[in-house]
Amino acid sequence: MRLSHYLFFTSKQVPAEAELISHQLMLRAGLIKQVASGLYSFLPLGYRILDKVVSIVREEMDKAGAQQLLLPFVQPADLWKKSGRWDEYGEELLRFQDRKGSWFVLSPTHEELITDLAAEILTSYKKLPVTVYQIQIKFRDEIRPRGGVIRAREFLMKDAYSFCEDEEQMKDIYERMRSAYERVFSRCGLDCKVVEAESGPIGGDISHEFIALSPAGEDKVVECNSCGYSAKLERATSIPSQQVDKEDEKQLEEIETPGVKSIESLSSFLALPMRKLLKTIIYQTEKGYVGVVLRGDYDINEEKLKKLLKAKEIHLASEEEVREELGMEVGFVGPVEANNKLLFVVDETVMQGKNFVAGANKKDTHFVNVNPGRDFSPYLVGDIRFVSEGDKCPLCGSLLQVKRGLEVGHLFNLGYRYSSKLGASFLDKMGNKRPILMGCYGIGVSRIPAAIVEQNHDDEGIIWPMEVAPFKAVIIPTSNETFNFSQQLYLKLRDVSEEILWDDRDISAGVKFKDSDLIGIPLKIIVGNTFLKEGKIEIKKRKDGQLIKVSKEKIVGKLMELMQYG
RNA sequence: CGGGAUGUAGCGCAGUCUGGUUUAGCGCGCCUCGUUCGGGACGAGGAGGUCGGGGGUUCAAAUCCCCCCAUCCCGACCA
């Protein structure tokens, strides 16, 4: 491809709207262009990258035995009503009417459609198991799109669905998908972690996420360097940093704390570390009000709380509710002498401590030397906190680290949630009607290029791994004297690979070098002074700057080798 | 949804507070000519703007007021 007529542009200036390095570089290299909030065009260079990721995904899915199909982007509402998600999905689901007034949605995901399809076709155990996938546009009306293509509203996703007879088949396919994912991400040049995850609104119990580690990531991951334990922060457990207080239980005492409402201010007011304070938070649940008690240095994990309580809906009680219905004072809430008013759920770390400070349920008053068991009794004790830096690994006891990352892939065992609601069942060997066991496996395809850039860049720009680079090499003539030869070389190389660009633009060599490095082309084929003096063509690697000189007779072979093995 | 900010040429910005010689500027980019030509060259000339949209105030509005739209950032209840 000759660059002089290629639809691309580069920019020295950092676009004002871009915060993340990947977003900035993708805009500066002219890979993407924003159309509206969360909507992006992929320009030819960017599209070639995306297309390579798509090919990798397709190859690995096919190898794993999945069959590609294509489901519509626009779906009728009634399927969503059947599955219950018309009401559950919320405002992220974009709904609209056609000219006849029928309701439709722009697909945020395709479980409904695929289950409906499976219900019709997969009626016998003889067909199972089956795995299908598609690479399709999705639309989620995100509250706040951010980071360019990292969190866009319209995005490209690979979603696969498996249909199994039983858990044994399910496990087999789940594992096959998992190793396919490992190959996909490693071919993309991504450094990924597999972590235990929450399945969120999609449903299901077993779930793993593939996280590309990056400080720009939106997700937090807990990991142990010595035994390899890793999990999403929401799900991670730990051995608390301070195990058991050895001190004696002291006399309960009331103290005045005028206007001291937050843990931070209480900590500095009393000159005590946050872990010696108790925070008590009141939730409204379908079982009534629940007081949640945690050490001051931990944050509450609502998902864990929900599970422990076996509650469907929980939300924080408002200040008015706390004051008017419970007669407690916000800022000074505590578990002591309050068991008659509400139940207390207590984090396990609290039970190991002694002589805490807690709210006295009176304005401007706290108790000191509060001891769990003696001064209040919990209704439930469990792990309801987020792991924090400095906690110890639940498996081996080493220090845990909290890191950021980007979710690029997700595996779910969906169970029977969709098959039972949408009537997808099959007849087993015995002639019994049973619901199909489903799995669902996503890859955020259009987010991958951004994740790669996050992990592969330097001050000059992007450094594409060979397999996803938009072009593998660019021929750069540095002067008029070498232009003609560069053209001959281009014509010759064009016959063996369409992965080579020819920078035939009438501009100075410096600009060509800079552009090539910004865009991230792995190899520069430089035809310049060295060619005029020594008859040698230079090949310079983007990654490490290594310079290789070759004669024009050997250039094709050497290039083929480098393009294949990097 | 709450808070903060921004909207002026393809991109990055100044001008707005204090309305009037501003024909609305500057840098990058773009076009022409010449000199350059191995890491974002230089000179000369040139094209490009309904100042986000609508309404209002005024002799006069990019500038003041009202409404709308768009975009970005932070937060979404940790008492």
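Quick note on labels: first sequence line is chain A, next is B, and so on, each numbered from 1. Excluded from the calculations below are hydrogen atoms, water molecules and symmetry mates; all remaining heavy atoms, backbone and side chain alike, are included.
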Next item on the list: Nearest 0.5 Å please: distance from the CG atom of A:Leu252 over to the CG atom of A:Asn355.
Entry: 10.0 Å

Item checked: N/O donor-acceptor pair, side chain A:Gln13 with base B:G27, under 3.5 angstrom -> yes

Given [options], identify the nucleotide with an atom nearest to the side chain of [X].
X        : options             : result
A:Glu19  : B:G12, B:C73, B:G38 : B:C73
A:Arg146 : B:C13, B:C73, B:G39 : B:C73
A:Lys279 : B:C78, B:A41, B:G39 : B:C78
A:Ile281 : B:A76, B:G12, B:C78 : B:C78

Check: Hey, what's the ring geometry for A:Tyr490 with A:Trp502, parallel, tilted or perpendicular (30° and 60° as the breaks)?
Finding: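 The arrangement is parallel - the two ring planes meet at less than 30°.
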
Next item on the list: Flag the pair A:Glu88 and A:Arg85 as a salt bridge only when some basic side-chain nitrogen lies within less than 4.0 angstrom of an acidic carboxylate oxygen.
Entry: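 Salt bridge: no.
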
Check: Stepwise, does the ring pair (Phe, Tyr, Trp, His ring centres under 6.0 Å) test hold for A:Phe356 with A:Phe376?
Finding: CA-CA 12 Å; A:Phe356 287 108; A:Phe376 66 94; 8.4 Å; no

Notebook entry, point to check: When you measure from every atom of RNA chain B, which of residues 213-220 of chain A have a heavy atom less than 4.0 Å away?
Noted result: none

Next item on the list: Using a cut-off of strictly less than 4.0 Å between a heavy atom of the residue and any atom of RNA chain B, enumerate the qualifying residues of residues 531-545 of chain A by number.
Entry: A:Glu538, A:Lys540

Checklist line | Flag for A:Thr237-A:Asp383: side-chain donor and acceptor within less than 3.5 Å | finding: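 Note: A:Asp383 and A:Thr237 side chains miss the donor-acceptor criterion.
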
Next item on the list: Determine the interatomic distance between C1' on B:U71 and the same-named atom on B:U8; round to the nearest Å.
Entry: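 Approximately 15 Å lies between the C1' atom of B:U71 and that of B:U8.
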
Checklist line | Pairwise C1' distance for B:C68 and B:G75, with rounding to whole Å | finding: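 Each nucleotide's C1' atom is 25 Å from the other's.
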
Notebook entry, point to check: Is there a Watson-Crick or G-U wobble partner for B:A70 with both distances under 3.5 Å, and if so, which one is it?
Noted result: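 The base-pairing partner of B:A70, which may sit in any strand shown, is B:U6.
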
